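All of these numbers come straight from a predicted model, not from anything done at the bench.
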Amino acid sequence: MQQNATNNLLSPSNIHNDQSSEDDSASTGLINYKKFNNGYLMMELISANNISTQPINSYCLVRVRHQHNLSTLSTTINNDSVNNNEDDDDTNTTATCSLTEEEQFQTTPVIKESTNPFWNCFFFFEIDDKISSVIEFEIVEEKTENIIGGSAFQVRYLDSYMKTDLNITLNSIGTINCNVTFIPQTKYGNLLKNCIENKTLFSDTEFPSNQTTSISKKSIDNFCKRKGIQNLKQIQWKRPKEFCKGHHQLTEIFIDHQVDYKNIIQGKLFDNYFFFAITILSYFSPKRIKYLFIPLYSNFGNPYGIYQIKFYWKGFWRNIIIDDFIPFLVDDENTNSKQQVGIPLFTKSKFINELWVVLLQKAYAKLYGTYELLEGTNHTFRECLEHLTGGFTGSIDLTKKTKEEIILQITEMLKLKHLIVISKCHEKEFDLNNLNNNSNLLKENIPYIILDLKKNNNNIELKLINLFLNNEFWLDLNEVLTFFKNIYFCKLFLLDGYSKEICNNLNTLDILNDQENLYFSNYCEWNDLKFRNAGGQLHYKETFCNNPQFLLKIEYPKNEINNLKNIKIQISCQLLENDVKDVKKANPIGCYVIRHLNYPKNGKFELIKLPKKEDIYTHSTFSKLTRDMIEFEITKPPITQPSSVNNNNENTTIIDYFTVIVCRWYPNTDGKFSIQLHSDYKYIDFYPIIDNSKLGYYKYTVTGKWNGKDVCGTHLQTSTFISNPKFHIKTFPTKSTSTLNTNHLHFTIECDSLNAPFFPYIISLNKFKEWTNQTVLFPLEEKDCVLFPNNNGKEYYSKKQSFNCKIEMNREKSVSYLLIVATPLSVVANFTVLLKSENEIVFEPLK
């Protein structure tokens, strides 16, 4: 697949400087190799047209210009002459490179002394920043140094791995035909670049084709015996150029760019779940099959034999890189014959030149370790659907539901266009055997897809399809419930809108770094010791707001908002594999979505106090232990919402904000998770609220100690009260037009001993000095303090407690307060104070 850009002359002054999304990602602590914009620009010079008969000595000057930082140029040019009339042999030429303070150059001769040159040479540039790079090509006449043609473009507009054609016009001479490709500096990109430079086909050493261990690591002899293979030499690994040799049709990933479920044929493996999953998905949502191939280099296959296929595996999407060696089964009598093609050993297409089925299964086998490990009853149809789609799967036992409940659930899932499969047998018993043994319309071991539901003369009917006999029919619900026992569903994520997945870093970046919408953040973790953020669900009022929080931002062009429909949103959160094991008690996972109807004046969206009931837009049911999913629609915000630009501009953008809180049912439970958000609307952003300076609260942690020697006491013990640990809180002058403003504080005190009751006090430093300067010390009163113990100090706290209060800020000067953590006993104990503030402050022990 290629893009076209003919003589697209762009000057640096016309460069669009839009880097907001990348900056946002950096500020929110997200890691995404796609966002690093590191990579290689490959320029491939192909041919020249209509060149004058006069010999021309010219060269191509390639200039890489950056807005911010410079690139490093590759110094090797690979020339591979494909013209039989050329006298030059294949050569590797060192390019001429020069470096200035503003730009870098690389030059190479491109027009040889030939009346109609035709060649194939390429060279690479290392791009440090795709966003800010501008490529300028100039064809320069060598003797006069006159520019006789040129082109320019911004690298940021190149889609990764997609060739962009360039036709550079030479003044009154002809045109140069070339193309450019941006290859990201990822694992797949580096392997592809290496194949291009060395003119080699990729061979996967991690899943080798020259060894039987890729098929079976236990005993290949036992495997062959079970499959009826008499001679191990009957298994041969072949590339497409070998097994498609002699066919008049070209090798294709998808025949005619289409995914046809009728082409799929099961092979020697007992992997019915895989066969039924890809067949049903190919019929129901063929686009999702194509989305698994990243990138789809060309529908005619990758000429370097390297493919990258993704699967949703244990919490997030993972990329599997494979070569195109496929195991074939040949006749025992002709095992040494190179001309015998044979047939693919495992699941395949009925067209030998269609590759997607064999490539998909090979990547799936590599994910598990071997082809043999794809067999067995440990696998399920739903599990495979989840791996292929990333969707949320489940089942319904029809024998345990009322008719009304069944109708309601099917209707809701059909409305949302989810995949629903119904069967009489359990999903592990799906089988094509005995398919044609009887003429009955309903088959016991075959899954049927539910396509529709309708009411017909007071009766409910379901529209079903059997893909394997190509039968489509309506069936009364009573007959359905009489024959079928199980429904298996897969809630599919929305496509062609907005999609983002944020996942905790599990040290697997090397296989995940080539997905545009996959990010990593250590914020996707509950760690009560490190972050104090395992707050539990909403009923735990004191700790709920400590949970990880994410900002959902939706933009509406004001001149289009009246024409917009409700926006569909899907949010899924899942425990990662290391935290699924050893669950001692039921502790479900879920999330809350809070809408900000009142725009925060300071632009901060982190919740530091419990949300009101009316502000909770939706939330999970907390019925799933390891993964939960919510689907909802967002109504349009009021036109009176604050906008991102001047209200006098007709293109004003209305912005709607939501805070998403991910939690588990019980607090103080550590774990790592991933979260995915999908929508049918494109103008959305979603990221963690962790950057103190821009989005959330400011967080501070200090430690204190009662040494057991000093007699402390509460405010009632006036002579010793001052000996308690004290902490200085200082605000900064505000930028507000108001003289006085308030700053919300939320802090948690946790003590390491149950035998150390404590009381918190916050008082302004000036009032504390006035109190200590009294001739006779009277006990502090509540009116003197910002924070004061309940019931005049008769209610004490122990172990862990959270508090909220407000302190005043001044527009012109700093304001200082003291936090005093008092204990009435003479004890030895340590404590920690975690403080969250709306505005930046100083928080430190008072020396």
Step-by-step side chain to side chain donor-acceptor pair (under 3.5 Å) determination, Asp628 to Ser620: CA-CA 7 Å; Asp628 201 6; Ser620 300; 3.2 Å; yes

Pairwise side-chain contact, Ile352 with Phe243, heavy-atom cut-off 4.5 Å (strictly under): yes

Asn319 and Gln308 side chains, donor-acceptor separation under 3.5 Å: yes

Criterion side-chain contact (heavy atoms from CB on, under 4.5 Å) on Lys553 and Phe686, from CA distance to verdict: CA-CA 6 Å; Lys553 177 182 175 183; Phe686 182 67; over 6 Å; no

Side chain Arg288, main chain Thr389, donor-acceptor under 3.5 Å: no

Expected output: side-chain Asn470 to main-chain Leu467 donor-acceptor under 3.5 Å: no

Lys/Arg-Asp/Glu bridge criterion (N-O < 4.0 Å) met for Glu375, Lys227: yes

Residues Glu461 and Lys463 bridged, charged N to O under 4.0 Å: no

Non-hydrogen side-chain atoms of Phe489 and Ser395 separated by less than 4.5 Å: no

Lys/Arg-Asp/Glu bridge criterion (N-O < 4.0 Å) met for Arg595, Asp656: yes

Distance-only side-chain donor-acceptor flag, Asn478 / Lys403, under 3.5 Å: yes

side-chain contact (heavy atoms from CB on, under 4.5 Å) between Glu501 and Phe316, worked out: CA-CA 8 Å; Glu501 178 178 11; Phe316 49 95; 2.8 Å; yes

Pair Phe275 + Phe381: ring centers closer than 6.0 Å: no

Under-4.0 Å salt bridge between Lys400 and Glu405: no

Salt bridge (charged side-chain N to carboxylate O under 4.0 Å, His left out) between Glu372 and Lys268, worked out: CA-CA 10 Å; Glu372 187 178 32; Lys268 288 282 187 179; over 6 Å; no

Side-chain H-bond candidate by donor/acceptor type, Thr251 with Asn353, under 3.5 Å: no

Test of ring centre spacing under 6.0 Å for Phe484 and Tyr448: yes

Tyr283 and Tyr261 aromatic ring geometry - parallel, tilted or perpendicular at 30°/60° bounds: perpendicular

Worked verdict on Phe493 versus His678 for ring pair (Phe, Tyr, Trp, His ring centres under 6.0 Å): CA-CA 6 Å; Phe493 288 125; His678 304 269; 4.0 Å; yes

Side-chain (Gln537) to main-chain (His539) donor-acceptor, under 3.5 angstrom: yes

Check: Glu472/Asn466 side-chain N/O donor and acceptor closer than 3.5 Å: no

Donor-acceptor contact present, side-chain Gln570 to main-chain Leu494, <3.5 Å: yes

Asn566 versus Thr635, side-chain donor and acceptor atoms under 3.5 Å: no

Among Asn458, Asn459, Leu453, side-chain contact (heavy atoms from CB on, under 4.5 Å) partner for Lys455: Asn458

Aromatic ring proximity Tyr368/His379, centre distance under 6.0 Å: yes

Other residues, nucleotides, ligands: >12 heavy atoms within 6.0 Å of Lys417 NZ: no

Cation-pi, Trp526 ring and Lys672 (6.0 angstrom, 45 degrees): no

Distance-only donor-acceptor check, side chains Asn433 and Asp431, under 3.5 Å: yes

His619 side chain near Ile616 side chain, heavy-atom distance below 4.5 Å: yes

Donor-acceptor side-chain pairing of Ser674 and Gln676 below 3.5 angstrom: yes

Main-chain N/O of Leu345 paired with Lys348 side-chain donor or acceptor, under 3.5 Å: no

Verdict with supporting geometry, Thr659 and Gln549, side chain to side chain donor-acceptor pair (under 3.5 Å): CA-CA 7 Å; Thr659 295; Gln549 302 182 26; 5.0 Å; no

His257 backbone acceptor or donor facing Lys290 side chain under 3.5 Å: yes

Salt bridge (charged side-chain N to carboxylate O under 4.0 Å, His left out) pairs, two or more places apart, involving residues 352-365: Asp323-Lys362

Flag side-chain contact, heavy atom, 4.5 Å: Tyr498 against Asp685: yes

Residues Phe311, Tyr364; criterion ring pair (Phe, Tyr, Trp, His ring centres under 6.0 Å); working and verdict: CA-CA 8 Å; Phe311 296 99; Tyr364 204 45; 5.2 Å; yes

Side chains of Leu374 and Tyr273 in contact at under 4.5 Å (non-hydrogen atoms): yes

Check: Tyr681 ring centre within less than 6.0 Å of Tyr683 ring centre: yes

Sidechain-backbone polar pair: Tyr488 side chain, Gly394 backbone, donor-acceptor under 3.5 Å: no

Chi angles and distances behind the side-chain contact (heavy atoms from CB on, under 4.5 Å) call for Val660, Tyr592: CA-CA 6 Å; Val660 179; Tyr592 292 82; over 6 Å; no

Note, Thr347 side chain near Asp271 side chain (heavy atom, < 4.5 Å): yes

All pairs passing salt bridge (charged side-chain N to carboxylate O under 4.0 Å, His left out) where residues 376-392 contributes a residue, at least two apart: Arg382-Glu427, Glu386-Arg627

Geometric cation-pi criterion, Lys500 with Tyr519: 6.0 Å, 45°: yes

Side chain to side chain, Leu419 and Ile280, heavy atoms closer than 4.5 Å: yes

Stepwise salt bridge (charged side-chain N to carboxylate O under 4.0 Å, His left out) test for Lys682 and Asp496: CA-CA 8 Å; Lys682 293 184 178 181; Asp496 302 325; over 6 Å; no

Close aromatic pair by centroid cut-off 6.0 Å: Phe430 and Phe276: yes

side-chain contact (heavy atoms from CB on, under 4.5 Å) between Ile634 and Leu552, worked out: CA-CA 12 Å; Ile634 292 178; Leu552 170 58; 4.3 Å; yes

Phe658 ring center near Phe550 ring center (under 6.0 Å): no

Between Glu429 and Asn272: side-chain donor-acceptor atoms closer than 3.5 Å: no

Test log, rule side chain to side chain donor-acceptor pair (under 3.5 Å), inputs His418 and Glu631: CA-CA 12 Å; His418 292 319; Glu631 299 178 276; 2.8 Å; yes

CZ-CG distance between Phe673 and Leu575, expressed to the nearest 0.5 angstrom: 9.5 Å

Asn587 side-chain N/O to Thr669 backbone N/O, donor-acceptor pair under 3.5 Å: no

